[in-house]
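Encoded as structure tokens, the structure appears first; notes follow it.
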2 protein chains.
Amino acid sequence: MVETARRRASERAQVELREQILSGALPGGAHLGEVELAERLGLSRTPVREALTRLAAEGLVELHPHRGARVTRFTEADLDDTFDVRRALEPRATERAAARATAADLDELDDLAATMLATGAPGPGQDLDALVELNRRFHARLIEIADTPALAAALAGVVHTPVVLRTFHSYDAGSLARSLAHHAEIVAALRAGDGAWAAAVMVSHIANARAVMTGDRR
Amino acid sequence: MVETARRRASERAQVELREQILSGALPGGAHLGEVELAERLGLSRTPVREALTRLAAEGLVELHPHRGARVTRFTEADLDDTFDVRRALEPRATERAAARATAADLDELDDLAATMLATGAPGPGQDLDALVELNRRFHARLIEIADTPALAAALAGVVHTPVVLRTFHSYDAGSLARSLAHHAEIVAALRAGDGAWAAAVMVSHIANARAVMTGDRR
DNA sequence: CACTCGTAAGTTGCATACATCCGAGCGAAG
DNA sequence: CTTCGCTCGGATGTATGCAACTTACGAGTG
């Protein structure tokens, strides 16, 4: 049976809204009326309101007192800043993960990396949308292994940038291959216990992504 | 007359609770019952609940479904992580601020730095508590001038660490003098338009603070 | 005596009704 | 014709009542 239906209503609303925003179904600047959302989700205003509050904390929506909520509009500059922050923080998290990863952690990351290589391989089986979710899980797991709450909190409000999360479609073949190889190499570095190596690959990984997104080769 | 009373109830609850947590009146691990808080603040549960949700997003409280809210307990390691994140991000923000600060911005920062020097000077006029607020404003203004939303979002959930915000009392005379001098030097660097200089001072500034807090001299 | 199951108390989660506030549209005055 | 002010509509903000869940305690049984 479907277990997700048993979860709390406010959480469902939050997940549902986040998905619609990240997928682009709710475009930037869209007005989010509480009653409208409540009716569409089959809930009352209370959990919808709570979901909006939390999404606002994540930076996905903006709340204007007495004037309602709007989907945050991200600019090209915001996207660039996002990569700046990630390049500053994720390599550090990766380095920490090298010292703390257990055998089970490494196996899990290996699985993810391998699955991504298979899912992203050119051909009829290629599924770029599935790749987005796998990529998200890989990076999230890495942060989790690093076990540094402050780093996780700092990255939390940044990674959600809508454009970032659904953009494997804009990768050219070479960049995509590099990106997938990076994941595998990071796991290898972690397995070797070489934090500096892992961090260096992460720097490359983010730089590669940035080049794809912004077209900036500097 | 007191204008704060005219603000929204949920906002008042949020501000009040945050203050009590940061001041230590509500110690880490304290259980926060909705009805109890509502009665103490003279409100209903609804705005209290919303305030708790927002504070949870800030990382000050932890929400356990059906089990209530608790004040987040920060460990020594968390504090250390906080400085890691700040050292990674704030210098970058400072560098950006150098390119964007207007004359008015610089004057404002100058005022803050000068006031801090006066407020922190040894003697009968020294007020370490006032210094906490001034320091918060200085750093917040700097981030604001940098005008990089992603950086601001990343730092938002990190700076609130209770211990960090009320710890000028643990500075020895030398560290305090250095800290205050750093602010002035940062403004000077900004005025010179030298982002690298400003960023370097910020690195020193954070390292100095870290040494005071953790006693770690590495 | 230890373990398990059932029940009850107290909490949070959700829904609904009421209060408050913002903004648009219309009318009158300059 | 423009501008100011008022009123009305619709939204958000708050309060309260009911439902669901979690936990703790105690009775019953192996």
Side-chain angles (χ1 to χ4, degrees), chain A residues 1-21 25-73, chain B residues 1-21 25-73:
Chain A
M1 61 179 104
V2 182
E3 288 293 335
T4 55
R6 301 285 302 167
R7 294 164 77 176
R8 300 205 321 276
S10 66
E11 197 170 341
R12 271 192 303 152
Q14 186 182 358
V15 170
E16 180 71 22
L17 283 175
R18 180 162 46 208
E19 203 160 312
Q20 293 198 15
I21 293 172
L26 288 171
H31 179 76
L32 301 172
E34 294 181 1
V35 284
E36 179 198 341
L37 293 177
E39 285 174 2
R40 229 169 59 194
L41 297 173
L43 305 167
S44 88
R45 280 177 49 214
T46 308
V48 170
R49 194 179 169 73
E50 193 165 325
L52 285 176
T53 302
R54 288 183 165 147
L55 291 173
E58 289 181 16
L60 286 180
V61 308
E62 292 173 344
L63 253 48
H64 301 276
H66 291 288
R67 291 178 53 187
R70 290 191 169 282
V71 179
T72 304
R73 202 186 292 273
Chain B
M1 61 180 100
V2 183
E3 288 294 333
T4 55
R6 300 287 300 170
R7 293 163 76 174
R8 297 204 319 279
S10 65
E11 197 169 343
R12 270 193 303 152
Q14 186 182 358
V15 170
E16 181 72 21
L17 283 175
R18 179 162 45 209
E19 203 160 309
Q20 293 197 15
I21 292 172
L26 289 170
H31 180 75
L32 301 172
E34 294 180 1
V35 284
E36 179 197 343
L37 294 177
E39 286 176 0
R40 229 171 58 194
L41 298 172
L43 305 167
S44 87
R45 281 175 47 213
T46 307
V48 171
R49 194 180 170 72
E50 192 165 327
L52 286 176
T53 302
R54 288 184 163 147
L55 291 172
E58 290 181 17
L60 287 179
V61 306
E62 291 173 343
L63 254 46
H64 301 275
H66 291 287
R67 289 178 54 187
R70 291 190 169 283
V71 179
T72 304
R73 201 188 291 274

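Only heavy atoms go into these numbers, but all of them, side chains included; no hydrogens, no water, no symmetry mates. Throughout, a chain's letter reflects where its sequence line sits, starting with A, and its residues are numbered from 1.
Contact annotation: A/Arg49 reaches the phosphate of D/dG13 (side-chain N/O to OP1 or OP2, under 4.0 Å).
The interatomic distance linking A/Gln14 (CD) with C/dG13 (C1') rounds to 15 Å, in whole Å. Rounded to an integer number of Å, the gap from A/His64 NE2 to D/dG13 P is 12 Å. Between the C1' atom of D/dT12 and the CG atom of A/Leu37 lies a distance of 13 Å, rounded to the nearest Å. When the P atom of C/dT12 is taken as reference, atom CD of A/Glu11 falls 18 Å away, rounded to whole Å. Taking atom CD of residue B/Glu36 and atom P of nucleotide C/dG10, one finds them 15 Å apart after rounding to whole Å. Regarding B/Glu34, its CD atom lies at a distance of 14 Å from the C1' atom of D/dT22, rounded to whole Å. Remark: P of C/dA15 and CG of A/Leu41 are 11 Å apart, rounded to the nearest angstrom.
Scanning for side chain to side chain contact (heavy atoms under 4.5 Å, CB included) contacts around A/Ser10 gives A/Arg8, A/Pro47, A/Glu50, A/Arg54, with sequence neighbours left out. The side-chain hydrogen bond (donor to acceptor under 3.5 Å, both in side chains) check on A/Glu11 picks up A/Arg7, with sequence neighbours excluded. By the side chain to side chain contact (heavy atoms under 4.5 Å, CB included) test, B/Gln20 is found to be paired with B/Glu16, B/Ala25, B/Leu26, B/Arg40, residues two or more places apart in sequence or in another chain being considered. With sequence neighbours excluded, the residues forming a side-chain hydrogen bond (donor to acceptor under 3.5 Å, both in side chains) with A/Gln14 are A/Glu58, listed by chain and number.
In plain terms, the two heavy atoms of A/Val71 and A/Pro27 that are nearest each other are CB-O, 3.4 Å.
Note: A/Leu41 CG to A/Arg12 CZ = 8.5 Å, rounded to the nearest 0.5 Å.
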Using distance only, find each side-chain donor-acceptor pair of residues 28-38 of chain B under 3.5 Å and give its atom names and separation, not counting sequence neighbours.
| residue | atom | partner | partner atom | Å |
| --- | --- | --- | --- | --- |
| B/Glu34 | OE1 | B/Arg45 | NE | 3.1 |
| B/Glu34 | OE1 | B/Arg45 | NH2 | 3.2 |
| B/Glu34 | OE2 | B/Arg49 | NH1 | 2.7 |

For residues 59-66 of chain B, dump all side-chain donor-acceptor pairs below 3.5 Å to protein atoms at least two apart in sequence or in another chain.
none

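When the nearest nucleotides of DNA chain C are assigned to A/Arg67 and A/Ser10 by heavy-atom distance, the more 5′-ward of the two goes with A/Ser10.
In this structure, B/Leu63 reaches neither bases nor backbone, as no heavy-atom distance under 4.0 Å exists between it and the strands shown.
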Strictly under 4.0 angstrom, non-hydrogen atoms only: write out the protein contact profile of nucleotides 15-20 of chain D, one letter per nucleotide from the 5' end, B, S or -.
BBB---
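Only at 4.0 angstrom or more do the heavy atoms of residues 50-57 of chain B sit from any atom of DNA chain D, so none qualifies.
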